[in-house]
Amino acid sequence: LVQRSWLSGVFLVCLAPLHIGLCSPHCMAVEVYFSRIKSMFYHAYNSYLDNAFPYDELRPLTCDGQDTWGSFSLTLIDALDTLLVLGNRTEFQRVASLLQDTVDFDIDVNASVFETNIRVVGGLLSAHLLAGRAGMELEPGWPCSGPLLRMAEDAARKLLPAFQTPTGMPYGTVNLLHGVSPTETPVTCTAGVGTFILEFAMLSRLTGDPTFENAARRALRALWKTRSDIGLVGNHIDILSKKWVAQDAGIGAGVDSYFEYLVKGAIMLQDEELLNMFQAYDRAIQNYTRFDDWYLWVQMHKGTVSMPVFQSLEAFWPGLQSLLGNLDSAVRTFQNYYSVWRQFGGLPEFYSIPQGYTVDKREGYPLRPELVESAMYLFRATGDHTYLQLGFDALESIERIAKTPCGYASVKDLRDHQLDNRMESFFLAETIKYLYLLFDPTHFLHGGGTEGDGSWEEGGDGGRCVLGAGGFIFNTEAHPLDPAALYCCSRHAQDHQELRDILLSLSQPDGRSKPPAKQTEDPPPNPSDSIALKPGEKRRPPLLSCPVQPFSARLSIFGQVFTDNT
């Protein structure tokens with residue numbers, strides 16, 4: 001069930017097909033649940049198409065749409081690979097073509113750098129890599145070329161101005177047309193700095209342009225250098241001064257996907273540097289934040305408890321631990337989180353561990369996927385049907401509490417089941433996808449299937465690249481990336497670079513080649529090369545992003561400031 005990587009301590013649970021018989025007391029229910037999960041997806045998906053497209057998100061209580069993260073039909077991009085996961089190749093092809101005709105990133109919109117990367121760049125990259133399986137007509141040389149890849153590159157290039165800082169750590173928000181505003185706050189969340197290596201490295205390897213991967217690595221290394229003497233990082237940082245503005249350390253909101261990308265980046269890229277970073281953090285996390293298999297928030301320099309709460313976003317952690325082979329710890333922590341789910345029928349955003357109840361004004365459940373995600377990984381690692389039971393519970397709860405005539409609504413308050421007028425795109429991209437994959441351990445994304453069913457695809461120049469054989473890595477928005485694609489294009493680009501170097505050396509007067517320039521970190525931008533708005537240009541107020549105001553409070557998470565008396 002578990003295949004060990006060459007990297008010490010990394011277990012690729014996702015690589016080996018799991019052949020655990022589902023025919024238990026749940027056997028007859030599994031096919032029924034497959035059907036119900038598909039029905040849930042299409043009720044939400046069709047409601048978005050009918051009532052909200054081309055806006056970013058559906059508002060399920062008023063049956064209309066709204067732009068949230070940028071104004072590029074976000075839900076459709078986020079849901080594209082889920083269509084293929086559910087087996088709908090026809091709709092995948094239609095939507096892929098529709099997006100090429102309708103989505104434009106050259107717009108005067110302030111967008112979250114973090115959210116645009118994980119949802120848009122990640123979604124387009126995943127769809128591009130799955131295009132062969134979806135039966136789309138492929139360009140010669142795919143996966144090194146293709147319309148969806150060019151869209152992903154275009155979106156990512158719009159984000160690069162945010163990385164043009166003296167430290168290499170990016171701003172939280174960028175204007176897709178004009179770059180970074182001169183009034184943009186330099187304070188951003190930790191995850192907003194460290195959650196790029198999967199998408200940017202894949203993009204660089206496919207296109208042959210190292211700019212993206214270099215930017216992501218420079219940001220990671222700069223963030224690594226800011227950790228405290230006891231090995232922890234805080235929640236929000238000033239990217240210019242490298243000073244920590246919110247010094248609460250934990251594994252939840254504002255930090256979570258930073259740790260996730262160190263592990264998954266190490267696996268996808270077979271990168272020991274990233275693994276060593278995570279293992280150092282993990283030792284500090286286990287020493288200072290773990291109490292009875294819960295993880296609390298502590299002061300990053302002292303290790304003293306600052307907030308004894310569990311946040312729903314932390315529920316990804318057992319799944320991440322299972323990828324590293326830390327199953328005993330992962331199972332115990334999952335059981336703690338699952339007990340909260342059973343108490344409320346969902347995970348409240350904040351849960352007070354000492355009080356055993358929700359935190360005031362944080363009682364909502366926006367249909368997040370993290371606990372289902374962990375259940376999927378742990379079921380594949382252990383075969384324990386407890387994790388299937390979580391899937392049953394999640395499906396029943398969402399259907400009973402959140403379903404409306406026009407989609408599924410976020411739960412505003414789990415105590416009385418009040419609803420909020422929003423259906424986040426991650427409901428289709430992550431929650432439903434992980435539910436489906438939980439019940440289908442032989443799915444091709446798990447490495448399932450048999451030879452001859454399309455699991456193996458040729459690609460790259462000369463058709464010598466093998467794709468789709470399993471071992472997919474999910475980004476933090478559940479978009480699967482195929483690590484095999486990393487080796488389809490980079491060798492070809494490297495060969496071309498070597499040829500260019502030879503030709504350049506022959507063109508030198510003395511016929512000798514110059515020594516290759518030593519690679520260094522990107523220099524800070526020249527002040528004269530402005531990436532900001534020009535005087536008098538119109539600037540829209542920033543949309544949702546990590547920092548939205550000065551951080552004088554004790555703890556700040558995704559733009560929500562928590563004062564000392566919260």
K.L.:
Return the minimal non-hydrogen interatomic distance between Ala330 and Ser322, and the atom names on each side.
P.N.:
CB-N, 4.3 Å
K.L.:
Looking only at side-chain N and O atoms, does Asp393 offer a donor or acceptor that is under 3.5 Å from a partner on Gln389?
P.N.:
yes
K.L.:
Which side-chain hydrogen bond (donor to acceptor under 3.5 Å, both in side chains) pairs, counting each pair once, include a residue from residues 190-199, with sequence neighbours left out?
P.N.:
Asn117-Glu199, Thr195-Ser257, Glu199-Tyr261, Glu199-Asn475
K.L.:
Say whether, by atom type as modelled, one donor and one acceptor occur between the side chain of Ser410 and the main chain of Asp420 under 3.5 angstrom.
P.N.:
no
K.L.:
Indicate whether any N or O donor in one side chain lies under 3.5 Å from an N or O acceptor in the other, for Asp78 and His479.
P.N.:
yes
K.L.:
Does Leu232 offer a backbone N or O that forms a donor-acceptor pair with the side chain of Ser228 under 3.5 Å?
P.N.:
yes
K.L.:
Asp271 side chain to Leu274 main-chain N or O, any donor-acceptor pair under 3.5 Å?
P.N.:
yes
K.L.:
Under 3.5 Å, is there a donor on one side chain and an acceptor on the other for Ser312 and Glu349?
P.N.:
yes
K.L.:
Identify, with sequence neighbours excluded, every residue that meets salt bridge (Lys or Arg N to Asp or Glu O under 4.0 Å) alongside Lys403.
P.N.:
Glu399
K.L.:
How would you list, by chain and number, every residue that makes a side-chain hydrogen bond (donor to acceptor under 3.5 Å, both in side chains) with Tyr351, sequence neighbours excluded?
P.N.:
Gln343
K.L.:
Can you name the residues that form a side-chain hydrogen bond (donor to acceptor under 3.5 Å, both in side chains) with Arg227, not counting sequence neighbours?
P.N.:
none
K.L.:
Are Thr75 and Glu57 linked by a side-chain donor-acceptor pair shorter than 3.5 Å?
P.N.:
no
K.L.:
I'd like to know if Asp282 pairs up with Arg290 as an ion pair, taking the criterion as any Lys NZ or Arg NE/NH1/NH2 lying under 4.0 Å from an Asp or Glu carboxylate oxygen.
P.N.:
no
K.L.:
Using side-chain contact (heavy atoms from CB on, under 4.5 Å) as the criterion, point out the one residue from Ile251, Thr289, Val309 that pairs with Trp297.
P.N.:
Val309
K.L.:
Go through the steps for Asp293 and Arg332 under the test salt bridge (Lys or Arg N to Asp or Glu O under 4.0 Å), then give the verdict.
P.N.:
CA-CA 6 Å; Asp293 298 307; Arg332 291 194 299 270; 3.2 Å; yes
K.L.:
Compare all side-chain heavy atoms of Phe472 with those of Phe444 and state whether any distance is below 4.5 angstrom.
P.N.:
yes
K.L.:
Looking at Arg36 and Glu396, does any basic side-chain N land under 4.0 Å from a carboxylate oxygen?
P.N.:
yes
K.L.:
Between the side chains of Glu424 and Arg119, is the shortest nitrogen-to-carboxylate-oxygen separation below 4.0 Å, so that they form an ion pair?
P.N.:
yes
K.L.:
Please list, chain by chain and in numerical order, all residues satisfying side-chain contact (heavy atoms from CB on, under 4.5 Å) with Asp413, sequence neighbours excluded.
P.N.:
Glu363, Arg415, Asp416, Gln418
K.L.:
For Pro483 and Ile473, work out which heavy atoms get closest and say how close.
P.N.:
CG-CG1, 3.8 Å
K.L.:
Could you tell me whether the side chain of Tyr377 reaches within less than 4.5 Å of the side chain of Leu320, counting heavy atoms only?
P.N.:
no
K.L.:
Is it the case that the side chain of Arg380 and the backbone of Pro441 share a donor-acceptor pair, with hydrogens and angles ignored and the cut-off at 3.5 Å?
P.N.:
yes
K.L.:
Counting only N and O atoms by type, is there a donor-acceptor contact under 3.5 Å from the side chain of Glu213 to the main-chain atoms of Ser204?
P.N.:
no
K.L.:
Does Gln299 reach the main-chain N or O of Lys302 with its side chain, forming a donor-acceptor pair under 3.5 Å?
P.N.:
yes
K.L.:
Would you tabulate the side-chain donor-acceptor contacts of residues 121-128 under 3.5 Å, counting partners in other chains and residues two or more places apart, or write 'none'?
P.N.:
residue : atom : partner : partner atom : Å
Ser126  : OG   : Asp81   : OD2          : 3.0
Ser126  : OG   : Pro480  : O            : 3.0
His128  : NE2  : Pro143  : O            : 2.8

K.L.:
Look at the side chain of Ser306 and the backbone N and O of Asp248, then say whether any donor-acceptor pair between them is shorter than 3.5 Å.
P.N.:
no
